[in-house]
Amino acid sequence: MAVLDHTEHAGHPDLGNVRKIAMWAFLGSECLFFGTLISTFLLYHNTTGDGPTAKEIFSIPFTSVSSFVLLMSSLTMVLAHHAAGRKDWRQMRVWLLATAGLGLVFLSGQAYEFTTFVHEGLTVTTSPFGSAFFVLTSFHGGHVAIGVLMLLATTFMSFGGKLHEGQGMNVELVGLYWHFVDIVWIVIFTVVYLLQV
Amino acid sequence: MSEAIDRPHPTPRDYILIAVILFAITAAEVAVTYVDALDSARAPMLIVMSAAKFLLVVGWYMHLRFDRPAYRNLFLIGLVLTPVLFGAVLLSFGLLIGN
C-alpha cells in the first residue's frame, strides 16, 4: 500500500503515515484482544455441562460458506484499494459496496447460526463453552459490523466529494481494518470450528 | 522511517490468484475435517493451512510484504505477544481448573 503513501511536506509531519502507523499499532493490540478470547475458548471448549457440544451443533458446510464469503470480501476490498490508487472513484465505490454487501451476508449468516444454536439449546448461559463461544464470535461479528459501517461511510463520503485529497489513505486504513477482521476469522474458523468437530 | 521495500506491486490479476489459492486452501481444510484416515494428522494440517491463509492475506492483501518494515514490526509485536499470552492463560488457568 506504499503506492498511496503521502509525501512529506516541508515542516509538516506526514499525517498519512502517522495514521497508518496508528492503525498498525491498533491492529497489533487487537491481536492480543482476540488472543485472549481465543485462549479463553480453548480453556473452556470441553466444559459443556448439560448443554450441546461443538460436534453436536456446528454445521461445517454452513460455516465454510460464511468463511468463503468473508475471504471474497477481502478480494473486493483490495480491488477497491487498487481502484483508489488509480483514482478510479467509480470502481472504488463499486468494490467498497460489494465488500460491505459481503460483510452483511456474513453477519446474516452469523445471526442465523446464533438463532439455530439457541433453538438447539446452546445459549451464552448454558455452559462455559457456550459463554466462550458466543463472546468470541460476537466480538468478531461486532468488528465486522463496525467495518461495514466504515465501508458505507467511506463510500457515502466519496459520493459527497468530501474525501478527495485523503481518499486513498482513508480507503487503505478501512482496508487494513477489514483484512484484519478477515484474518481473525481465518483463525476462529480453524480453532473454534474445524478443530472441534 | 525506513522506506517501503522495492518490490513490484501486485496487480488485480495477482489479487484474484491469491483469492483462488485462499478458496482452494479453505476447501482443503474442510475436506481434511471429513477424512477419517487423517485423524492423527488433522490438527497440524489445519494449523499449517490456516497459517498459510493468514500469511497470504497479511502479506499480499494488507501489503505487508511490500510496505515499510516499521509497519510489519508494529504488527509483529502484537503477533508475537499473542502466543505468549495464549501460553500464559492456558497454563495458569488450565492448572487452576485442573486443581
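So you know, we letter chains A, B, ... as the sequences are listed, proteins then strands, and number each from 1.
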_No-hydrogen, no-angle side-chain donor-acceptor test under 3.5 Å, B:Glu29 and A:Thr190_ =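 Judged by distance alone, the side chains do pair up.
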*Say whether A:Arg93 and A:Ser158, considering side chains only, have a donor N or O and an acceptor N or O under 3.5 Å apart.*
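A donor-acceptor contact under 3.5 Å links the two side chains.
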Counting only non-hydrogen atoms closer than 4.5 Å, does [X] touch chain A with its backbone (N, CA, C, O), its side chain (CB onward), both, or neither?
{"X": "B:Leu81", "result": "both"}
{"X": "B:Pro83", "result": "neither"}
{"X": "B:Leu56", "result": "neither"}

*Identify which of A:Ser64, A:Ser29, A:Pro61, A:Cys31 forms the greatest number of heavy-atom pairs closer than 4.5 Å to chain B.*
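Result: the option with the highest number of such pairs is A:Cys31.
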*Looking at A:Leu194, A:Thr63, A:Thr40, A:Leu71, which makes the most heavy-atom pairs under 4.5 Å with chain B?*
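Looking at each of A:Leu194, A:Thr63, A:Thr40, A:Leu71 in turn, A:Leu194 comes out on top.
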Contact part of [X] toward chain B, heavy-atom cut-off under 4.5 Å: side chain, backbone, both or neither?
{"X": "A:Met23", "value": "neither"}
{"X": "A:Thr36", "value": "both"}
{"X": "A:Leu32", "value": "both"}
{"X": "A:Phe180", "value": "both"}

*Heavy-atom distance under 4.5 Å between the side chains of B:Thr26 and A:Phe189, does that happen here?*
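Contact flag for B:Thr26/A:Phe189 side chains = yes.
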_Do B:His63 and A:Leu176 make a side-chain contact, defined as non-hydrogen atoms from C-beta onward lying under 4.5 Å apart?_
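No, too far: nothing below the 4.5 Å cut-off.
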For a quick test of your reading: what N or O donor-acceptor pairs under 3.5 Å do the side chains of residues 94-105 of chain A make, sequence neighbours left out?
unit_1	atom_1	unit_2	atom_2	d
A:Trp95	NE1	A:Gln91	OE1	3.0
A:Thr99	OG1	A:Thr76	OG1	2.9
A:Thr99	OG1	A:Met77	N	3.3
A:Thr99	OG1	A:Trp95	O	2.7

_Suppose the criterion is side-chain hydrogen bond (donor to acceptor under 3.5 Å, both in side chains): which pairs have a residue in residues 30-39 of chain B, not counting sequence neighbours?_
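For residues 30-39 of chain B: B:Asp39-B:Arg42.
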*Which heavy-atom pair separates A:His140 from A:Val181 by the least distance, and what is that distance?*
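Shortest heavy-atom separation between A:His140 and A:Val181 comes out as NE2-O, 2.9 Å.
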